[in-house]
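Model, not experiment: these values are computed from the prediction. Side-chain atoms are counted along with the backbone in the values below, which use heavy atoms only and exclude waters and symmetry mates.
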Amino acid sequence: MAARVLGRAGRLAAVVRSSAVRLQLRLHGSAGLRFGSQASFFPPLGDAMLPSGSFNNHVALITGGGTGLGRAMTATLSQLGAQCIIASRKLDILQRTAEEISSQTGNKVHAVQCDVRDPQAVSQCVDQMEALTGLPDVIINNAAGNFVCPSERLSPNAWKTITDIVLNGTAFVTLELGKRLIQNQKGASFLAITTIYAESGSGFVVPSASAKAGVEALYKSLAAEWGRYGHRFNIIQPGPIRTKGAFSRLDPTGAFEKATIDRIPTGRLGTPAEIANLAAYVSSNYASWMSGAVIRFDGGEYVSLAGEFNELRSVTPDQWKILEAMIRNTKGS
Ligand SMILES: CCCCC/C=C\CC/C=C/C=C/C(=O)SCCNC(=O)CCNC(=O)[C@H](O)C(C)(C)COP(=O)(O)OP(=O)(O)OC[C@H]1O[C@@H](n2cnc3c(N)ncnc32)[C@H](O)[C@@H]1OP(=O)(O)O
Ligand SMILES: NC(=O)C1=CN([C@@H]2O[C@H](COP(=O)(O)OP(=O)(O)OC[C@H]3O[C@@H](n4cnc5c(N)ncnc54)[C@H](OP(=O)(O)O)[C@@H]3O)[C@@H](O)[C@H]2O)C=CC1
């Protein structure tokens, strides 16, 4: 019996060896299980998750709240009762978003122009906010700038532009509000939106990776320092979620979308409504014991990219029979 199995394994191994070049186990080819079909196991839900009224009597500031993920977070917080202030450079876009969300939720959304790179503009934005709503209970640092670019093509101003928006902008908003909140003895939840590559680093988005890593250090540090003032600091690292702002600058031709989805274990991109629900939870009183947390929200993309053997997902059951036979057939080292 054992001899028969070994004989069969030997023949299978010979087949593998003789066609090694042709077969190459097609690790990167289309012979393996197609990824993406598993998305049906993980359908995104769009409704607000928290009980209605969870943010009644709360004021929330969302930077970059006029578009993309910031807009979705604003819509969810507003639906849950918050009075929101959205701030960024383009007042016309902010005003349109504010009107649309207000008319849907019945809760006021204020639009305030602010370039977060300019500390004076940030201070004026907070003045305006204090006059409109008072100081906020919830601050979401979501504004960002990014584009893919080989690092040897980056000018000093390109580097400065991204790091100014992402790291300095987040710091200016956080410090200005933090100081005023401390002075007024008012607690607050601060949330920063970073990326999964803030942790790993990534080529071709080096200013963004460096600045987002700085944001994470800032928020973890302040979580430790400012808990005594009633302030919580948390971080969400999103994986790919389709927005015009991100995809037009990171994958302008759409050439990388399929490969991106193929490596995500849940088989799909995230949705703005999903991250909005997470941001709402983290910013709510239901999460009052959460501080200093870094929450990766990426459908499994990070671990999928990290594991050295994960490409073996492409090996078919028939190929596994051959591989297993070869491995079992090996004697000694
Ligand atoms: C499906 C697969 C792929 C998708 C993967 C998706 C997710 C994976 C993880 C994603 C992480 C996402 C992180 C993000 O942050 S996405 C957010 C993107 N949104 C934005 O960027 C919105 C705001 N952006 C802007 O306003 C501009 O793009 C800006 C950042 C360039 C800033 O605008 P502005 O202040 O007007 O700056 P400019 O004067 O235009 O430029 C300043 C400086 O930069 C140089 N520069 C601009 N663009 C490029 C480029 N494409 N390449 C190289 N250099 C560039 C520009 O020339 C200036 O430098 P000078 O030296 O010439 O002065
Ligand atoms: N979508 C994705 O797949 C991912 C997104 N992220 C992060 O999510 C967040 C939202 O990105 P997303 O919604 O996709 O992209 P958007 O481009 O839609 O959002 C970026 C926002 O930042 C604002 N902004 C840019 N520069 C400034 C500035 N100098 N001052 C004030 N506001 C500014 C923009 O408004 P305006 O132009 O009016 O200033 C815009 O509303 C970002 O932090 C991004 O890094 C992270 C990982 C993945």
Side-chain angles (χ1 to χ4, degrees), residues 24-44 68-69 142 144-154 162-163 166-167 191-217 219-220 234-272 274-275 277-279 282 293-316 319-320 323:
Q24 284 192 340
L25 292 175
R26 295 181 185 153
L27 291 181
H28 305 285
S30 57
L33 289 171
R34 282 260 32 91
F35 255 29
S37 55
Q38 65 266 44
S40 59
F41 289 110
F42 308 105
L69 306 186
N142 162 79
N146 201 2
F147 47 75
V148 282
C149 181
S151 299
E152 65 274 21
R153 292 172 66 95
L154 287 170
I162 300 304
T163 55
V166 175
L167 178 54
L191 172 64
I193 308 300
T194 63
T195 75
I196 57 171
Y197 61 67
E199 214 163 296
S200 58
S202 175
F204 304 97
V205 283
V206 174
S208 169
S210 308
K212 293 283 194 185
V215 168
E216 293 197 351
Y219 266 44
K220 288 187 271 190
N234 293 293
I235 295 157
I236 295 177
Q237 301 173 324
I241 301 174
R242 182 188 301 288
T243 65
K244 183 180 171 193
F247 278 45
S248 64
R249 291 173 175 93
L250 301 176
D251 185 21
T253 65
F256 295 104
E257 183 163 336
K258 185 175 174 305
T260 303
I261 293 171
D262 280 356
R263 67 176 177 239
I264 296 178
T266 48
R268 64 172 175 84
L269 302 174
T271 68
E274 287 177 294
I275 195 170
N277 264 326
L278 177 59
V282 172
V294 183
I295 302 165
R296 194 185 296 139
F297 192 62
D298 69 344
E301 186 187 23
Y302 187 88
V303 292
S304 176
L305 283 165
E308 273 180 305
F309 286 92
N310 289 340
E311 287 298 327
L312 294 183
R313 286 176 303 217
S314 305
V315 177
T316 64
Q319 289 169 338
W320 271 119
L323 285 179

Before you tell me yes or no, could you show the steps for Tyr302 and Thr195 under side-chain contact (heavy atoms from CB on, under 4.5 Å), namely the whole-Å CA-CA distance, both residues' side-chain angles and the distance that decides it to 0.1 Å?
CA-CA 10 Å; Tyr302 187 88; Thr195 75; over 6 Å; no
Could you walk me through whether Asn146 and Val205 pass the side-chain contact (heavy atoms from CB on, under 4.5 Å) check?
CA-CA 7 Å; Asn146 201 2; Val205 283; 3.7 Å; yes
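No donor-acceptor pair under 3.5 Å is formed between the side chain of Gln237 and the backbone N or O of Val294. Asn310 contributes no side-chain N or O that, together with a main-chain N or O of Arg263, makes up a donor-acceptor pair within less than 3.5 Å. The backbone N or O of Gly254 lies less than 3.5 Å from no partner atom in the side chain of Glu257, so there is not a single donor-acceptor pair. Listed for the Ser304 side chain is no donor-acceptor partner under 3.5 Å among the backbone atoms of Gly300. No donor-acceptor distance shorter than 3.5 angstrom exists from the side chain of Asn142 to the backbone of Ile193, with no hydrogens or angles considered.
Between the OH atom in Tyr219 and the CG atom in Leu191 there is a gap of 7.5 Å [rounded to 0.5 Å]. Taking OG1 of Thr194 as the start and CD of Glu199 as the end, the distance is 8.5 Å to the nearest 0.5 Å. How far CD1 of Ile295 is from CG of Leu278: 5.0 Å, rounded to the nearest 0.5 Å. Atom CD of Gln319 is separated from atom CG of Leu323 by 7.0 Å, given to the nearest 0.5 angstrom. In this structure, CG in Asp251 is found 13.5 Å from NZ in Lys258, a value given to the nearest 0.5 Å. Taking CG from Leu69 and CD1 from Ile275, the interatomic distance works out to 5.5 Å, rounded to the nearest 0.5 Å.
Here Glu216 pairs with nothing under the salt bridge (Lys or Arg N to Asp or Glu O under 4.0 Å) rule; sequence neighbours left out. Not a single salt bridge (Lys or Arg N to Asp or Glu O under 4.0 Å) links Arg249 to another residue, sequence neighbours left out.
Annotation: side chain of Pro265 is not in contact with side chain of Phe42 (no heavy-atom distance under 4.5 Å). With contacts defined as side-chain heavy-atom distances shorter than 4.5 Å, the pair Ile235/Lys220 qualifies. Contact annotation: the side chain of Leu269 approaches that of Phe247 to within less than 4.5 Å [non-hydrogen atoms, C-beta and beyond]. Under the 4.5 Å side-chain criterion, counting only non-hydrogen atoms from C-beta, Val215 is in contact with Leu167.
Taking each heavy atom of Val206 and Ser151 in turn, the nearest pair found is CG2-OG, 3.3 Å. Scanning all heavy atoms of the two residues, the minimum distance from Lys212 to Ala144 falls at NZ-CB, 3.8 Å. Of all heavy-atom pairs between Ala293 and Asn234, the closest is N-OD1, 2.9 Å. The shortest non-hydrogen separation linking Ala198 to Ala213 is O-CB, 3.6 Å. In terms of heavy-atom proximity, Ser208 sits nearest to Ile162 at N-CG2, 3.7 Å. The two residues Pro150 and Phe204 have their closest heavy-atom pair at CA-CD2, 3.8 Å.
Arg268 pairs in a side-chain contact (heavy atoms from CB on, under 4.5 Å) with only one of the listed residues (Pro240, Pro44, Ser40), which is Pro44.
Remark: Glu308 CD is loosely packed, at most 12 non-hydrogen atoms of other residues, nucleotides or ligands lying under 6.0 Å away.
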